[in-house]
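Here's the structure, in structure tokens; my notes come after.
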Amino acid sequence: MIAIISDIHSNLEALKTVLGDIERRKIDTIYCLGDIVGYGPEPGPCLDLVLERTKMSLCGNHDHAVFFEPVNFNLPAERAAFWTRTTLEEDDDDARRNRRWTFLGGLNPREESGDFLFVHGSPRKPINEYLFPDDIYSAPQKLLANFDRMEQLTCFCGHTHVPGVFVDDPYFETPDEMGDGHRYTIGDEKIIVNVGSVGQPRDRDPRAAYAVLHEDEVEFVRLEYNIDVTAKKIRENPHLDDFLGARLYDGK
Ligand code: ZN
């Protein structure tokens, strides 16, 4: 079994809840699909936990923004990225600062393993392209181009913060449509699996999301965590827009 997490966004409460569940299930391999930082109040501790606990971690657009520069960010996201950079840079603990910084700068945009491809955004633009559920109607060519680009049968991604599975009809199946177990059976057709977001879900369900890869099934997991703790830290941080805390309650 492999646990696949993504889009933590410096939300330590949500990350600890997810890691606790993974531990309880005795899963010791964890992959992270990026956006460890950005938006939230605790980038340093989140980087430490991901560094310690994951076997593989990718670069998301927010990780890229903090290390290099924000590209096409709205103002609150850009301010959060610059604050994240400053707070990591101003750490007095030299060893810790260097460890976090080296980790952040060394994240790869994609990884392959057998029949699996792992990216943050999409197969053809691993850091920055969004594959939205609505694209099955409004941009089917974009989805088909991405399926064409895949050499593997299964791609795991994050980025939109909306969990579910794309098939190349194209169609998007939400975890709720998969029945009570929220499990999708991997067959012999290409699929793109979005594992959802640990720290800022946007499917109107505020619970932290991640996925477990079983032998031939993907299980979508949701967990309640203490949103108040994270929202309070966002409100108390003058560099983070209050709305970044408020949105956590709405799951959007
Ligand atoms: Zn993200």
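Both counts, for ligands and for their atoms, begin at 1 and track the order of listing. Numbers for residues simply follow the sequence, beginning at 1. The model shown is predicted, which means the values in this text are computed figures rather than measured ones. Below, all heavy atoms of this structure are taken into account, side chains as well, without hydrogens, waters or symmetry copies.
Aromatic ring orientation, Phe118 versus Phe156: parallel (interplanar angle below 30°, classes split at 30° and 60°). Taking the six-membered ring where the residue is Trp, Tyr39 and His161 present perpendicular rings, their angle passing 60° and hence far from 30°.
Under the side chain to side chain donor-acceptor pair (under 3.5 Å) criterion, Asp148 pairs with no residue at all, not counting sequence neighbours.
Note: His9 NE2 to Gln200 CD = 5.5 Å, rounded to the nearest 0.5 Å.
For the residue pair His64 / His120, no side-chain donor-acceptor distance below 3.5 Å is found, with atom types taken as modelled. With 3.5 Å as the limit, one finds a donor-acceptor pair spanning the side chains of Asp228 and Tyr249.
Distances from the Zn ion (ligand 1) under 2.8 Å pick out these protein N/O/S atoms: Asp7 OD1, His9 NE2, Asp35 OD2, His161 NE2.
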